[in-house]
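For ligands, and for the atoms within them, numbers begin at 1 and follow the listed sequence.
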Amino acid sequence: MIDERAVMATYARYPVTLVRGEGVRAWDDEGSAYLDLIGGLGALSLGHAHPRWVAAVEDAARTIGLTSNLVATVPQARLADRLRNLLPIDDAKVFFANSGAEANEAALKLVRLHGLRTRRSTIVCLEGSFHGRTIATLAATGQPTKRAPFEPLLDWFRFVEPNDAEALRLAFAPGDVAAVLVEPIMGEGGVVALTPAYLRAVRETCDAAGALLVVDEVQAGMGRTGEWMSVSASGVVPDVATFAKALGGGLPIGAVVARGDLAFTTGQHASTFGGGPVPCSAALAVIDAIERDGLLANVAAMGELFRAEIVRLAPSGTVREVRGRGLLVGVALAGGIDAEAAVGAVRRRGVLVSIAGIDVIRATPPFTIGAGEIDEAAKAIAGALAEVAS
Ligand code: PLP
């Protein structure tokens, strides 16, 4: 393990230093191999060092440096065009940021502008949600323990329980709601999916009140669930959607995609690095690979296989529920099974997974994962559960 005393200890690190990766596999500094199902917490859509992604990044870096957003670049324009064509949002316009939180910050500013026009300022968010660690996105996050050390925060947000359409309607009662912000599948909150019926009720409630529906697709979007937007499984079309993680395949890029009439105008938002040629070229390579290699279908099939294998192999009494869609997989542990101990036991079997919520093992592997790797992962998880349950 490398000595990293100069790094702020914001993360509870696993006792591993990864030095090299290829596809779904990564190696540590002692030569041990791991199946990396953390996958950059969902960012490594094509896995480690995907040859076409690497070639696109190298080529972009060799071709032109950061030009600033005071001039146009070909990769940014092409990527915005691709997103506009992939997503059902009306006359979509894109702003590029550098992370999920930044994409959400931009979305909150769009809501603010819309709210100034409609004289409404409240944004309804869900208990258990996660939208980022910047001040505004933290204020929008429905996890009091993450917010508490930084209170008081912005008071724009009203929280309701997920999947309760009546609670949502009540939250609209004061007549001050500018927007609803939801993750269609709450990843950090424990891989908790909003039901299609609830998402449709959210859309209807927003429409009836003239409020915007903003979906945070940072974790679940860009193919992670087998669709470009996870909300699309419910048939709902949002007014604004945010993306990051899988979009860049490992390079930092965030995007807010909004209905054309909601777009920022000149001077209303900016970013020095946002939409630079290198991350935009990386994202174009990701979208190309997803399309050319049929990865959306692979995501759906491998996700089903993974869930079925865990259900089949996990010792009885260890798993409460297997959740998620596509390759956003959550294994909710039965009472009495410690998630940290379980994740440690999985790791000692050569598989890296993360914890979501308090008791959910989460896997967000590359979209390129194959059946053999799924089999290996499911066996490691089942073996680890047997170990920690005994
Ligand atoms: N929104 C969701 C749904 C997320 O899962 C995350 C990160 O996990 C974020 C926003 C914040 O993204 P970032 O860490 O890139 O700022």
How does Thr137 reach ligand 1, if at all, at less than 4.0 Å between non-hydrogen atoms: by side chain, backbone, both, or neither? neither
Between Gly100 and ligand 1, does any nitrogen or oxygen pair lie at a separation below 3.5 Å? yes
Under a 3.5 Å cutoff, is there a donor and acceptor pairing between the side chains of Arg362 and Ser354? yes
Could you identify the single nearest non-hydrogen protein atom to atom 5 (O) of ligand 1 and state the distance to 0.1 Å? Gln219 NE2, 2.7 Å
Taking 4.0 angstrom as the limit and counting only heavy atoms of Ser99, give me the atoms of ligand 1 inside it, by number and element. 15 (O), 16 (O)
Quick check with a 6.0 Å cut-off and a 45 degree axis cone: is Arg347 positioned over the face of Tyr14's six-membered ring? yes
Would you check if Pro152 and Asp155 make a side-chain contact, meaning some heavy-atom pair closer than 4.5 Å? no
Inspect the contact between Arg119 and Asp176 and indicate whether a charged nitrogen and a carboxylate oxygen are less than 4.0 angstrom apart. no
Which ligand 1 atoms, with their elements, are less than 4.0 angstrom from a heavy-atom of Ala101? 11 (C), 12 (O), 13 (P), 16 (O)
Would you say Lys245 and ligand 1 have an N/O pair spaced under 3.5 Å apart? yes
Number the atoms of ligand 1 from 1 as they appear, then name those within less than 4.0 Å of a heavy atom of Asn104, with their elements. 1 (N), 10 (C)
Counting from 1, what ligand 1 atoms have a heavy atom of Asp216 closer than 4.0 Å? 1 (N), 2 (C), 3 (C), 10 (C)
Answer yes or no for Arg133 and Tyr11: cation-pi contact, defined as NZ/CZ to six-membered ring centre under 6.0 Å and angle to ring axis within 45°. no
CD of Glu340 to CD1 of Ile355, rounded to nearest 0.5 Å, is 5.0 Å
Any side-chain donor near an acceptor of the partner, Asp28 and Thr17, under 3.5 Å: no
Below a 4.0 angstrom heavy-atom separation, can you tell me which part of Met186, side chain or backbone, both or neither, approaches ligand 1? neither
Check each atom of ligand 1 against the heavy atoms of Glu183 and keep those under 4.0 Å away; list them by number with element. 3 (C)
Check the hydrophobic clustering (I, L, V, M, F, W, Y; side-chain heavy atoms under 4.5 Å; chains of links allowed) and say if Leu154 and Val111 are grouped together. yes
Distance below 4.0 Å between atom 14 (O) of ligand 1 and any protein heavy atom? no
